[in-house]
There are 2 protein chains.
Amino acid sequence: MEKINHKITRQPELHHDRHEVLLKNINTHAIEIDHHMKVTLSVDCVIFGFDEHELKILLIRSDLDEYKNKWTLLGDLVDLNEDPDEAAYRILNMRTGLKDVYLEQVHTFGRPHRHPAGRVVSIAYYSLVNIEKCKITTQAHELHWHPVKDIRQMAFDHRQIFDTCFRRLQQAVLERHVGFNLLPAKFSLRRLQNVYEAILGKELDRRNFRKKILAMDILEDLDELEADVQHRPGKLYRFKKIN
Amino acid sequence: MEKINHKITRQPELHHDRHEVLLKNINTHAIEIDHHMKVTLSVDCVIFGFDEHELKILLIRSDLDEYKNKWTLLGDLVDLNEDPDEAAYRILNMRTGLKDVYLEQVHTFGRPHRHPAGRVVSIAYYSLVNIEKCKITTQAHELHWHPVKDIRQMAFDHRQIFDTCFRRLQQAVLERHVGFNLLPAKFSLRRLQNVYEAILGKELDRRNFRKKILAMDILEDLDELEADVQHRPGKLYRFKKIN
DNA sequence: CCAAAAGTGTTACAATTACACCCATGA
DNA sequence: TCATGGGTGTAATTGTAACACTTTTGG
């Protein structure tokens, strides 16, 4: 129910039986929004990139004294007239220079004291980007790609957010094959397999992998070959447009 | 990033290149929370119950003129010092009298104009309850169980929220077998199968279903039989405690 | 004894896994 | 010609799907 009636939980004498309380208030039409009930809304993005054989995420050093030397996810406040999805796109674009990236909402973190500056509720997204296309001026800004396997402590509850998003990515790569989004438009099957292996954290059988992906009929053979490799070059594919 | 620095997106002369803007602000330590950036936070619950052979959800009639005669999910504002998960539990307990219910966060809906009273961002949960144990005084409060198959229009974006939660439940019943939570402690395999069929919206083969569930080794045979049925009674089981 | 649902096993089919050899390229 | 990874097929296993008859109970 979207009824905005903060008084329900504010009448101390009624706290012992909330069930009754709410029933009494159902038809009050009280939709005034109490300013004391407002929270600061932020968005945090776990931005995944795939660099050679490694899965990485983009992190920045915390600018809070309290969390000095800890890494944080990239995030920002949601503007008053902004859809949270748009806010996530904005952050992504600001930080990587990219548009049309893969982005998925994962979970909202709202523990009362998760942020030292006050009540900040954060909607977590993960994003998959082509790391080569990211325009990141890495020196001096403390903005870096971190191998996922090296992630330890992070500021705030960002380690928990990362874990949640990473688990979601592992599901998604199997169920919806979102892994393509980490690669350039043209890629070899070997590179695609590397993506799956990096995300799932285990090796896959090459023949079975190729069979499975090709059977899904989502790849288009470009009749091109890899260049600049010192071995037999692999065929290049691209993700099939949906009809 | 959890840095609270609303100015980033408020400097008009810099809007054309947000990438640069943010980089400049990274080390400002500006964590003041601007009150204009606050939103009202609510929680909405899709409360599922299973009645005989039918999946139902608990709805209440909207108390906004604008949405008169439309049905809404059960929800409330999140209190200032309240974890959103707790708020969802609170709503559930208020509305059904139940504790220890199954509850899962699904998605956060925050389109700027989704609520007529202002900027209300809602975290959606779904919940699975034993419908027989719910203490709902149904008359006069416009609080009713609605068959899922009859759901049409709803107030606000609640139809979308419902759809999202229902899809999630369909996944969850296959992947994590959450369906038990809709039944009493003791149940027959037939009743469990009815739950799966109602959620998935299709009939299942009885023998294959029994084989699969029993092979999972999560049921304990109670050596009891159904009573009050006018046919051969089925065995009763309960969900195995985890070790 | 009839109606209604419980209980049970086998076979076909699909999906997944394991596994080894030849091929094309650059150095 | 050698080192490196690309490319390919088959057999075994596992999981899923299809399917029919006997049993127990209440009426």
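Each chain gets a letter, A, B and so on, in the order the sequences are listed, and its residues count up from 1.
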For chain B, the stretch of DNA chain C it reaches, first to last nucleotide, under 4.0 Å of its heavy atoms
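Endpoints of the contacted stretch of DNA chain C: dA4(C) to dT10(C).
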Can you check each nucleotide of nucleotides 6-13 of chain D against protein heavy atoms at under 4.0 Å and return B for base, S for sugar-phosphate only, - for none, in 5' to 3' order?
BBBBB---
Are any side-chain N or O atoms of [X] and backbone N or O atoms of [Y], one a donor and one an acceptor, separated by less than 3.5 Å?
| X | Y | value |
| --- | --- | --- |
| N194(A) | H53(A) | no |
| D157(B) | R114(B) | no |
| Y196(B) | G179(B) | no |

Measure the distance from CG on L204(B) to C1' on dA18(D) and round it to the nearest whole Å.
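After rounding, the gap between these two atoms is 13 Å.
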Figure out the CD/P separation between E52(A) and dG5(D), and round it to whole Å.
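Taking atom P of dG5(D) as the reference, CD of E52(A) is at 12 Å.
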Kindly write out the residues that satisfy side chain to side chain contact (heavy atoms under 4.5 Å, CB included) with R152(A), not counting sequence neighbours, or none if the list is empty.
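None.
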Give a yes or no on whether Q230(B) atom CD has more than 12 heavy-atom contacts from other residues, nucleotides or ligands under 6.0 Å away.
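Atom CD in Q230(B) is not crowded, with 12 or fewer foreign heavy atoms closer than 6.0 Å.
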So if I apply the salt bridge (charged side-chain N to carboxylate O under 4.0 Å, His left out) rule between E220(A) and each of R238(A), K235(A), K240(A), which one comes out positive?
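Among the candidates, only R238(A) passes.
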Please verify the inter-ring angle class for H144(B) with H146(B); under 30° counts as parallel, over 60° as perpendicular, anything in between as tilted.
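H144(B) and H146(B): perpendicular rings.
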Would you say the side chain of R159(A) lies within less than 4.5 Å of the side chain of D163(A), judging by non-hydrogen atoms?
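Yes; the side chains approach each other to less than 4.5 Å.
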